[in-house]
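In what follows, chains carry the letters A, B, and so on, assigned in the order in which the sequence lines appear, proteins first and then strands, with residues in each chain numbered from 1. All values below come from the heavy atoms of this structure, side chains included, with hydrogens, waters and symmetry mates left out.
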Number of protein chains: 2
Amino acid sequence: MTTINDIAKRANVSRTTVSRALNNSGYVSEEARKRIMKIVEETGYMPNQSAKSLRTKRSGVIGVILPRLSTETSTRVVNGINEVLAKEGFQILLTDTELDKKKEIEYIRLLKSRHVDGIILLATNVNDELIQTIRDVDLPFLAIGQDLPEVTSLVYDDYHASADLTNMLIHKGHHKIAFIGVSRDDPSVGIMREQAFRDVMEREGGVIKDHWMGTGDFSIDSGYEEMKKILRASGKNRPRAVYAVTDRMAIGAMEYLKEQGYRIPEDMAVVGIGASSLSQYVSPSLTTIDYFNKKAGQQAAELLLAKLKNEKVEEKFELTYRLILRDSV
Amino acid sequence: MTTINDIAKRANVSRTTVSRALNNSGYVSEEARKRIMKIVEETGYMPNQSAKSLRTKRSGVIGVILPRLSTETSTRVVNGINEVLAKEGFQILLTDTELDKKKEIEYIRLLKSRHVDGIILLATNVNDELIQTIRDVDLPFLAIGQDLPEVTSLVYDDYHASADLTNMLIHKGHHKIAFIGVSRDDPSVGIMREQAFRDVMEREGGVIKDHWMGTGDFSIDSGYEEMKKILRASGKNRPRAVYAVTDRMAIGAMEYLKEQGYRIPEDMAVVGIGASSLSQYVSPSLTTIDYFNKKAGQQAAELLLAKLKNEKVEEKFELTYRLILRDSV
DNA sequence: CTGAAAGCGCTTACAG
DNA sequence: CTGAAAGCGCTTACAG
């Protein structure tokens, strides 16, 4: 492997000068610069980033922590992050917690030791140890999806999105709405979306029944199972709509309903959140909410870059959303 | 940031000993080890990976080069890679070429300069400069999806998969089959799948017409457009089935067909390749081929790990596939 | 405009 | 069992 010393020798200058030429720092005579660049070209020399990083304390790498690598939401966000970061010459070091909270903390530390310049976390929960760890590593940090105290956070407007969706259902004439949520460990999805649902239902005179409330785990299967449970527990008095807090669960619910011969939306309306590509092509197409995940990723990357440049950045950002009315309602 | 020197000082030993304790290399008295580990715990010390990597020439990072971050295929493969690698303590440095061939080469070099221990490339084409670059960087290397000469390659069995699919169509009574392929720059998808189609059609007495052959770009839209073109060019003599080389294009084709009032599969059968989740939930569900992408990623990671351990590894691996018969045929 | 020297935080022969 | 020293490949005051 060619090093800066090899280049220096061949160009008859010190490695100091090579470094300056390469980084456009300080004065280098045009002559020397040309000689150096020519040799760099010829040899295909690339500076050793570990050495550089050891010296400068910057690595050109941003750590990204995902709850799951294989969901469309994650992919879109990472896509947005990467688009912005790649343009600035940054690379992404990717980690996947597989929804294990311990790993979130572990990876934050690990990324620090790998000298990443900053971290973006797609957050799924909020807890003290997490906050503490983020404070400890003292790196430019950005959270997406949850409001982490004292951490720059980009949050989806879960409350209003959920409220809008519920309202829409009610104004379409549905007062009996089943709800498939997720664990309350996830404040954004598990608490905010449910709270908005309850608030609107109460305000608008909707009917909430305990056995119409299910709790899934984000998977299509869990949507299917919860729908089954809800219908079985309902007897004659059935809901006329079901609101699942994610598209995948909504699609699972639809599967069960179709199997049981329900017509959607005539017998039962279905809505989800996420605007997955699945939601568009499933039949009937699913009414859902688009959170513009890619844009969230882009914005997160831009904010992180601003932080790297020591620009002042606000602590909280609320993202926009859009209701997509389709055939399932 | 705590360094090995801080730990050494506090433990009253040299940093040599700390290093030995941390890496379980050489002798360290039980006493010293305990003292060191306690302090490591307390301080949450993590070795600086840049320094380590500079010294040892290993980084614990594997570079992954994707053609597109936002496709299900890529995601599944990366998922498989990550599952295996994370277990062994490796991280993934992710790069996305956005289907730009130049970037493939650029990123290989870049990853080398970042001291990755190995590279996995989801290959989309084969060209001399690429092969040359791979040879130049001289790193443990693995290609998935294309057969790269002299590079360890994991390839899908595109020929037989495509042949099986075509055969199945013919045995269902379809002799007039339209085909939506992609550019021949991509040998696996653009050449092999088409070749098998042509071979089987010829052998089995199928009807191939030039204006029934379209070329898309992997996108849903292109499937839609190619289907439109094909039907418009066909006049009265229409195909009775369409084989798109990817699920997304097949789904685009389905969209157009449905819009035009075709019944699927009665008026027109549709098949794709990829076993995307879309293919399962679209209506009617799409007959397709499952390439077990996640498993491919796992196997790639395992082979790379074997190479890192200097184990001998064969040069070519053919992956298996599975035909999934569903309602679109 | 240029270079010698120090130092980033590790590991690893080598010597004891 | 332990430590001093060298060195990985860079950058950056400092001096000229």
message: Need the pair for D/dG16. Rule: Watson-Crick or G-U wobble, both distances under 3.5 Å, any strand; none if unpaired.
response: C/dC1
field: B/Ser25 or A/Arg55, whichever maps to the more 5' nucleotide of DNA chain C
entry: A/Arg55
task: Figure out the NZ/P separation between A/Lys9 and D/dG9, and round it to whole Å.
output: 11 Å
message: If the cut-off is 4.0 Å, is B/Thr17 near the phosphate of D/dG3, judged by side-chain N/O to OP1 or OP2?
response: yes
field: Nucleotide C/dC1, atom P - distance to CZ of A/Arg15 in whole Å
entry: 22 Å
message: Looking at A/Lys101 and A/Asp185, is there a salt bridge between them, counting it only when a charged N and a carboxylate O are closer than 4.0 Å?
response: yes
task: Look at B/Tyr27 and C/dG16 and indicate whether a side-chain polar atom (N or O) is within less than 4.0 Å of OP1 or OP2.
output: no
message: In this structure, how many angstroms lie between the P atom of C/dA4 and the CZ atom of A/Arg20, rounded?
response: 11 Å
message: So which atom in A/Pro187 and which in A/Gln146 form the shortest heavy-atom distance, rounded to 0.1 Å?
response: CD-OE1, 3.2 Å
message: Without decimals, in angstroms, what is the distance between B/Glu30 CD and D/dT2 P?
response: 10 Å
task: May I have the distance from A/Ile4 (atom CD1) to D/dC8 (atom P), rounded to whole angstrom?
output: 14 Å
query: Starting at the 5' end of DNA chain D, which residue's closest nucleotide do you reach first, B/Leu54 or B/Ala32?
result: B/Ala32
- request: Indicate, with a heavy-atom threshold strictly under 4.0 Å, whether B/Thr16 touches base, sugar-phosphate, or nothing.
  value: base
- request: Determine, for B/Lys87 against B/Glu83, whether the closest basic-nitrogen to carboxylate-oxygen distance falls under 4.0 angstrom.
  value: no
message: Rounded to whole Å, please give me the gap between CG in B/Leu22 and P in C/dT11.
response: 7 Å
Gap between atoms CG and P, on A/Asn5 and C/dG3 respectively (whole Å): 13 Å
query: Can you check whether A/Tyr45 has a side-chain N or O nearer than 4.0 Å to OP1 or OP2 of D/dG9?
result: no
message: Check this for me: B/Lys307, atom NZ, are more than 12 non-hydrogen atoms of other residues, nucleotides or ligands nearer than 6.0 Å?
response: yes
message: Whether the side chain of A/Glu315 engages the backbone of A/Ser153 through a donor-acceptor N/O pair (distance < 3.5 Å, no angle test) should be reported.
response: no
field: Short side-chain N/O contact to C/dG9 OP1/OP2 from B/Thr3, under 4.0 Å
entry: no
- request: Establish, with yes or no, whether the OP1 or OP2 oxygen of C/dT11 is under 4.0 angstrom from a side-chain nitrogen or oxygen of B/Lys57.
  value: no
- prompt: Would you say D/dT2 has OP1 or OP2 under 4.0 Å from some side-chain N or O of B/Ser29?
  reply: yes
message: Nearest whole Å is fine: how far is C/dT2 C1' from A/Glu31 CD?
response: 13 Å
message: Any side-chain N or O of A/Asn23 below 4.0 angstrom from OP1/OP2 of D/dT11?
response: yes
message: Rounded to the nearest 0.5 Å, what separates atom OG in B/Ser59 from atom CD in B/Gln91?
response: 10.0 Å
task: Ignoring backbone atoms, test whether B/Lys52 places a side-chain nitrogen or oxygen under 4.0 Å from the OP1 or OP2 oxygen of C/dG9.
output: no
- prompt: Rounding to the closest angstrom, what is the interatomic distance between C/dT12 and C/dG16 at atom C1'?
  reply: 16 Å
